[in-house]
Amino acid sequence: MADGPDEGRRTQALGVVLALAVAAVLGVVVLGGHDPAGAPVAGTRTAPTAGTSPLTGTGDPGRAVLAVKIDNAPEGRPWIGVGDADVVYVEPVEAGLTRLLAVFASRLPPAVGAVRSLRESDLDVLAAYGRPALAYSGNAPELDADVARAAIDGVSAERVPAAYRRAADRPAPHDLVGDPAALLRAAPDAAAPRDVGFRFGPPAAGGSPAPDVVERVGRTEVLARADGGRWALTVGGTPTDVRPATIVVQRVPVRTSAIRDVAGSPSPTAVTVGSGPVEVLRDGRRYPGTWSRAAPTDPTTFTGADGAPLTFAPGPVWVLLVAA
């Protein structure tokens with residue numbers, strides 16, 4: 001006998017309930033999910049929310065990725081345009097100095113700088129981003145083959161000189177300034193942001209108060225002070241106007257390469273493939289855990305002691321590559 005209207009509605013409602021139940025299970029098992037109290041389920045990973053940037057957890061997914069190698073010597077400060085970056089890596093270079101690798105996708109500043117030369121560490125970090133545009137000024141000849149093989153759309157000062165200018169108020173070589181819009185126009189193959197392993201959401205339980213944090217990358221001191229849900233940064237003794245929402249203190253092996261600078265100082269390489277200890281700083285608290293990355297093209301996972309992801313506060317992210 002054919003079903004009546006009421007029977008049809010009951011069958012349809014049962015189907016909806018079953019579909020929602022299956023979706024809920026998949027949300028926990030496949031994507032990570034949370035328990036009813038809102039805490040991440042141990043041993044799972046929460047996928048980035050559709051329609052938001054995988055680099056900040058806010059806004060739209062962004063345009064093509066532009067990474068820029070930025071001077072961090074005292075003569076290179078204050079930085080130009082770094083406050084608009086989605087992600088900034090602080091990397092060791094020769095003689096205990098540091099440089100920044102600033103990653104832009106959500107917003108482009110009118111200018112960025114001072115632009116300096118790339119290092120081997122940059123190529124490993126950026127391998128997880130797919131195919132970003134990379135702005136820089138030169139590299140050691142020993143890296144030519146690596147740069148040619150890397151999945152980057154290189155827009156160096158040597159290749160696209162019209163996208164750069166010299167700032168009259170800064171001494172060379174700390175005076176090179178790039179035009180981000182022109183740099184991206186010269187990089188038609190640059191890809192949009194993709195999942196690099198960041199997980200955004202409410203903070204995990206626990207953590208310890210951290211109103212002030214001091215770390216060193218090379219000889220450069222980074223002081224972070226909790227400031228209304230963000231971090232006020234003083235870098236190398238220079239106060240900045242940059243306010244990241246999350247700071248990742250990633251403790252990594254730092255090996256000495258055969259490459260040397262013009263003064264004869266060996267070039268250090270921060271090793272970001274493997275695993276090691278990490279602290280995630282957010283909301284004025286410190287959350288310890290472990291970072292892990294199996295291959296250069298893989299995202300980096302950040303996991304707490306309970307096996308759940310260490311979540312980031314939505315907004316810009318700074319990653320300090322500190323020697324383990």
Side-chain angles (χ1 to χ4, degrees), residues 45 55 67 69-70 72 85-103 116-129 132 134 136 139-140 142-143 146 150-152 195-199 210 213-224 231 233 235-236 244 246-261 265-282 286-305 309-312 316-324:
R45 299 178 63 213
L55 306 183
K69 196 61 188 280
I70 301 288
N72 196 31
D86 289 354
V87 186
V88 176
Y89 297 86
V90 184
E91 304 172 339
V93 293
E94 300 78 15
L97 299 174
T98 55
R99 292 210 177 144
L100 310 182
L101 181 64
V103 178
R116 297 300 302 272
S117 56
L118 69 77
R119 295 294 186 275
E120 183 180 3
S121 300
D122 304 319
L123 302 179
D124 284 344
V125 167
L126 292 177
Y129 282 80
L134 175 59
Y136 62 99
N139 58 265
E142 295 91 336
L143 290 178
D146 293 330
I152 59 171
D195 178 14
V196 295
F198 299 167
R199 298 293 176 258
V213 176
V214 178
E215 293 287 347
R216 284 186 179 273
V217 181
R219 295 203 317 263
T220 300
E221 181 181 275
V222 179
L223 167 63
W231 297 95
L233 294 183
V235 178
T246 301
I247 299 175
V248 179
V249 183
Q250 187 174 345
R251 304 193 185 277
V252 301
V254 177
R255 61 177 176 81
T256 301
S257 76
I259 300 172
R260 294 179 176 270
D261 67 7
S265 300
S267 180
T269 299
V271 180
T272 54
V273 174
S275 62
V278 72
E279 292 94 40
V280 170
L281 311 178
R282 59 168 297 175
R286 181 193 298 264
Y287 296 87
T290 301
W291 67 268
S292 179
R293 185 181 178 204
T297 54
D298 287 345
T300 303
T301 61
F302 303 93
T303 308
L310 290 172
T311 52
F312 297 4
V317 177
W318 273 56
V319 182
L320 312 183
L321 298 179
V322 177

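It should be emphasised that the depicted structure is a prediction, and the values quoted were computed from it without experimental measurement.
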What verdict does the side chain to side chain donor-acceptor pair (under 3.5 Å) test give for Arg199 and Thr301, after you've listed the backbone C-alpha separation in whole Å, the side-chain angles of each residue and the deciding distance to 0.1 Å?
CA-CA 9 Å; Arg199 298 293 176 258; Thr301 61; over 6 Å; no
Is there a donor-acceptor pair under 3.5 Å between the side chain of Arg255 and the backbone N or O of Val271?
no
Looking at Trp291 and Arg251, would you say the former's side chain and the latter's main chain have a donor-acceptor pair under 3.5 Å?
yes
Could you go through Leu143 and Glu120, starting from their C-alpha distance and side-chain angles, then the distance that decides it, and tell me whether this counts as side-chain contact (heavy atoms from CB on, under 4.5 Å)?
CA-CA 7 Å; Leu143 290 178; Glu120 183 180 3; 4.1 Å; yes
Counting C-beta onward and ignoring hydrogens, is there a side-chain heavy-atom pair between Trp318 and Val87 closer than 4.5 Å?
no
Ser121 side-chain N/O to Ala270 backbone N/O, donor-acceptor pair under 3.5 Å:
yes
For Arg119 and Thr269, which I'm curious about, is there any donor-acceptor pair between the side chains at under 3.5 Å?
no
Does a side-chain heavy-atom distance below 4.5 Å link Val213 with Ile247?
no
Which pair of non-hydrogen atoms, one from Pro268 and one from Val254, has the smallest distance, and what is that distance?
CB-CG1, 3.6 Å
Using atom types as modelled and distance alone, determine if a side-chain donor or acceptor of Arg116 lies under 3.5 Å from a backbone N or O of Leu100.
no
Looking at every heavy atom in both Lys69 and Tyr136, which two are closest together, and how far apart are they?
CB-CB, 4.3 Å
Nearest-0.5 Å distance, CG of residue Asn72 to CZ of residue Arg99:
9.5 Å
Intermediate values then yes/no, side-chain contact (heavy atoms from CB on, under 4.5 Å), Leu321 and Thr272
CA-CA 8 Å; Leu321 298 179; Thr272 54; 4.0 Å; yes
How far apart are the C-alpha atoms of Arg216 and Glu221, what are their side-chain angles, what is the distance that settles it, and do they pass the salt bridge (Lys or Arg N to Asp or Glu O under 4.0 Å) test?
CA-CA 5 Å; Arg216 284 186 179 273; Glu221 181 181 275; 3.6 Å; yes
May I have the step-by-step check of side-chain contact (heavy atoms from CB on, under 4.5 Å) for Leu123 and Ile152, ending in yes or no?
CA-CA 8 Å; Leu123 302 179; Ile152 59 171; 4.3 Å; yes
Do the non-hydrogen side-chain atoms of Tyr89 and Asp122 ever get within less than 4.5 Å of each other?
no
Would you say that Leu55 contacts Val317 through its side chain, given a criterion of any heavy-atom pair below 4.5 Å between the two side chains?
no
Is the shortest heavy-atom distance from the side chain of Leu134 to the side chain of Leu126 under 4.5 Å?
yes
Find out whether Ile70 and Leu101 are in side-chain contact, i.e. whether some heavy atom of one side chain is under 4.5 Å from a heavy atom of the other.
no
So do the side chains of Val278 and Val248 get within less than 4.5 Å of each other, counting heavy atoms only?
yes
Checking Val90 against Thr220 for the side-chain contact (heavy atoms from CB on, under 4.5 Å) test, could you report, in this order, the C-alpha distance in whole Å, the side-chain angles of both residues, the deciding distance, and whether it holds?
CA-CA 10 Å; Val90 184; Thr220 300; 5.8 Å; no
Would you say the side chain of Glu279 lies within less than 4.5 Å of the side chain of Glu215, judging by non-hydrogen atoms?
yes
Grab the two heavy atoms, one from Glu94 and one from Ser267, that are nearest each other, plus how far apart they are.
OE2-OG, 2.9 Å
Aromatic contact between Tyr287 and Phe302, with the criterion being ring centroids under 6.0 Å apart: yes or no?
no
Can a side-chain donor-acceptor contact be found between Thr98 and Arg219 if the only test is distance below 3.5 angstrom?
no
So, Asp298 side chain and Ala295 main chain: donor-acceptor pair closer than 3.5 Å or not?
yes
Shortest non-hydrogen contact from Val273 to Ala294?
CG1-O, 3.6 Å
How about Ser117 and Asn139: does a side-chain donor come under 3.5 Å of a side-chain acceptor?
no
